[in-house]
Every structure is written in C-alpha cells, then in structure tokens.
Q: 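Here it is, the structure in full.
Because the structure is a prediction, the values reported are computed rather than measured. Order of the sequence lines sets the chain letters (A, B, ...), proteins ahead of strands, with each chain counted from 1.
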There are 2 protein chains.
Amino acid sequence: MDRRQKKTRQAVFEAFTGLLERKPYGKISVQEIIDAADIGRSTFYAHFETKDELLRALCADIFRHVFSEGLQRESTHDFSTREKDLRAELAHILYHLDDSRSCIRAILSCESGEIFMRYFKEHLARVFAGELERQSAQAPRDYLLQHLVWDFAETVRWWMKHDGYSAEEVSRFFFAAAPVT
Amino acid sequence: MDRRQKKTRQAVFEAFTGLLERKPYGKISVQEIIDAADIGRSTFYAHFETKDELLRALCADIFRHVFSEGLQRESTHDFSTREKDLRAELAHILYHLDDSRSCIRAILSCESGEIFMRYFKEHLARVFAGELERQSAQAPRDYLLQHLVWDFAETVRWWMKHDGYSAEEVSRFFFAAAPVT
DNA sequence: TCATAACCGAACAAACTGTTCGGTATTATG
DNA sequence: CATAATACCGAACAGTTTGTTCGGTTATGA
C-alpha cells in the first residue's frame, strides 16, 4: 500500500475520532473531517464513499486487531477446558479493546455507538455460538445466545465509560453476573 | 389542545414511523416527512424544532403510556411481595409496549433505536433502582444495576424483532436468564 | 530516471435546513 | 351568530452540505 495512502487514511481516522470526542456523529460534516485531517476534498472521497463508510472502516480497523487470532479454538468436549478457553478468549478481546479505549469511547459516546455495537455483536455471536449446545426449556436457544452477546457487549460499553477497572476485573464482573453456565 | 394541532401532530408521527419502516433515520429528510404527512413546511417547524426533537417527542409519547402508573410501588421489606410487585410492573410495561409494537419496531430498526433505548433505559433504571440494596463483593453495585437494565431493555428489543411470543413468555425468558436474585 | 498513482483545490449542481411573511381557514368562546 | 385568536398554508430566502469533475502538481516505487 502506498505510503501516501496510509498516511491519508490514518490522518482521516485521527481527525474523525478527534471530532467524535467533541460532537456527536450526526453533527460532524465531511467538510470538518477534511479540514481537521488537512487533506483535499477530492482525496477524502477517493478513500471513503461516505461518512458512514468511514465509520464502518474505522470499526473494521479496530476489530481487525481485537478479533485477530481467536479463531482456532478447539471444539473439545471437555467442559472445564472449554470454559477456560472461553475465558481466555474473552480476556484477549478485552485486552485489545483497552488499546483503542479512547477511540472506542469516542465512538460509543453518540449514535455512532449503535453501529459499533452492531458490528461488535456480530463478531461476538460467532465467539459464543459454540457455548450453548444443551437445549433449555426455559427460553429459546436464540434468546439465550443473544443474551450472552449483549451482556458482554454492554459490559464492554460500561467499561469504556468507567475508567479504573482492569480487563481481569471486568471479566470477573461479567462471569459473576452472566448466565454462562 | 386545538383539534388541528392534535391532527397535525398525529399525521407527522404516522408519516415519520411509516418512513422509518422503509429507510434508516439518518436518511430521512424533514422534507420527506412533511410531504408524507401532507402539511405545510412552516407547520412542521411550528411543532418540532428539528428531526431529533420529533424522535424525542415520539419516544416520550410512547413512554407516557408505558410507564404511566407504575410509580406507586410500595417499598416493602417483604422480599416475596417485592418480587411479585416487580414481576407485575414489568409485565405491565411489556403489555403496553406490545400496543406500539409496529411503531417501536420501526424505531429500533436503525440508529434511531439508540435514542429510544437510551430513554427506555433511563426509565428502567428508576424501576430497578430499588432492587439491589444488598452489596455484592463480586461486582460494583452500579454495574449490577445497569446489568438488569440492559438485560430487560435488550430483551424487549429482541422481542420486537421476533413475533409470536406473548408478554408472559418473554417475561419468563427474562427471569430465567437474568440474575435478578 | 520515469511512468504511475495519489493528492490538490476550485468550481459546480443538487439537495436540505430553518426562517420569514402575508394570506386563508378553523376553532373556541361569548 | 359574531369575532378574536390561532393554526395552517406555501412561496421565497440565505446558508450549508454533499458528491463529482477536472486540470495541474507532487511523491512513490521500480
């Protein structure tokens, strides 16, 4: 990838998150992003079709780091091992989210948070999908899966709003309050 | 309130939710709402300062019915009574949400859902506030309270997406999966 | 060195926003 | 019924934002 492209892309991302910290997504104009990033108008549109697409790209960029490796979790039948694996994977996710904390906090501070959360939950659904094989008579399987997903996603949102907790602590909070079984 | 005002207001609400079913909040222009409601431009602005304010008013209108009476729950110290009261109050909320189902579903289908959920959670926080007096060493009190709030709010969002479940069933799902203790 | 590709920035049409204002129709009230 | 108040209409307006185009400039990598 051309050095100029990377630089421009990064400048836009930074300008965007910087603005996001000060005003809600909906009130930020493309022109402001362009000015803040200090690039030409046509350059912006050469990189991103629209403001929404920029947000999407930014989220993808974050998740690329967060969900990078956790793919190869063994599908073992040993329960205790499996739970240990899950805990490890979630811990890994929390650690990497912490790296982008200020950026994520900015995104979550307004409507753009909805977009972020939607992508985030899509990823999480894949992570949790294997956890619920035993049927429950109490509620639909889909409900229970989504329950885990939004519990974790909302826990992260809560974490981003409340400084001072480590990834380990938050992980404990989650397992204490969520019905992971 | 003047009969004309009520009519106009209602027409705008209907036009708005109608549009919301077809396209995301952010892509709907005030002009479209005006055309769909078949009113004059200045009339719209006489009623609502902005599109956001219209959404806020619509949410308030819904919640006015949903959270109407449940205020006078006794603060008894009898646990079983208190839980019964809570169940009754949540059931009441679910019933009334069901009345506005199509409208709510439209709102929840896009970014506007974020706004709806925020107001909804504010109301719910008040409902659940009394439930958690006993300290827990496992997690901060605030976390546990918010946990209940988003569990119920997200349960409702899930319900709105999945037709065919009664308020009672959904209530049971919630109590089966949430750590209401 | 040199072809390629990225960037610049001015200019443009189109759409949307929020306000104003003079005129018309409906309402509540006496 | 008469009338004052008030909601509505809709055209016109300035200002902003959007997304595109295009000729020219500059940096990159081979």
Q: Could you check whether A:R4 gets within reach of a base, just the sugar-phosphate, or nothing at all, counting any heavy atom under 4.0 Å?
A: base
Q: Report the distance from atom NZ of B:K7 to atom C1' of D:dT6, rounded to the nearest whole Å.
A: 15 Å
Q: What heavy-atom pair brings B:M160 and B:R101 nearest, and what distance separates the two atoms?
A: O-NH1, 3.6 Å
Q: Any side-chain N or O of B:H47 below 4.0 angstrom from OP1/OP2 of D:dC8?
A: yes
Q: Which is it for A:H162 and A:W159 under the ring-ring contact (aromatic ring centres under 6.0 Å, His included) test, yes or no, and what are the steps along the way?
A: CA-CA 5 Å; A:H162 296 76; A:W159 184 33; over 10 Å; no
Q: With respect to the phosphate group of D:dG19, does any side-chain polar atom (N or O) of A:Y45 fall under 4.0 Å of OP1 or OP2?
A: yes
Q: Within this structure, what is the CG-to-C1' distance between B:D2 and D:dC8, rounded to whole angstrom?
A: 10 Å
Q: In terms of side-chain heavy atoms, does B:W158 have a donor or acceptor partner in A:D142 at a distance below 3.5 Å?
A: yes
Q: Examine distances only and state if a side-chain atom of A:E169 and a backbone atom of A:S166 form a donor-acceptor pair shorter than 3.5 Å.
A: yes
Q: Given atom CZ of B:R3 and atom C1' of D:dC8, what is their separation to the nearest angstrom?
A: 15 Å
Q: In whole angstroms, how far is the C1' atom of D:dT18 from the CZ atom of A:F48?
A: 17 Å
Q: Are the side chain of A:T17 and the backbone N or O of A:E14 linked by a donor-acceptor pair below 3.5 Å?
A: yes
Q: Between A:Q5 and B:K51, name the one whose nearest nucleotide on DNA chain C is closer to the 5' end.
A: A:Q5
Q: I need the residues from residues 9-42 of chain B with at least one non-hydrogen atom less than 4.0 Å from DNA chain C; give them sorted by number, or say none.
A: B:S29, B:V30, B:Q31, B:R41, B:S42
Q: Taking all atoms of both residues into account, what is the closest heavy-atom pair of A:V149 and A:A125, and its distance?
A: CG2-CA, 3.7 Å
Q: What's the NZ-P distance between B:K6 and C:dA28, to the nearest Å?
A: 8 Å
Q: With a cut-off of less than 4.0 Å, is there a side-chain N or O of B:T43 near OP1 or OP2 of D:dC9?
A: yes
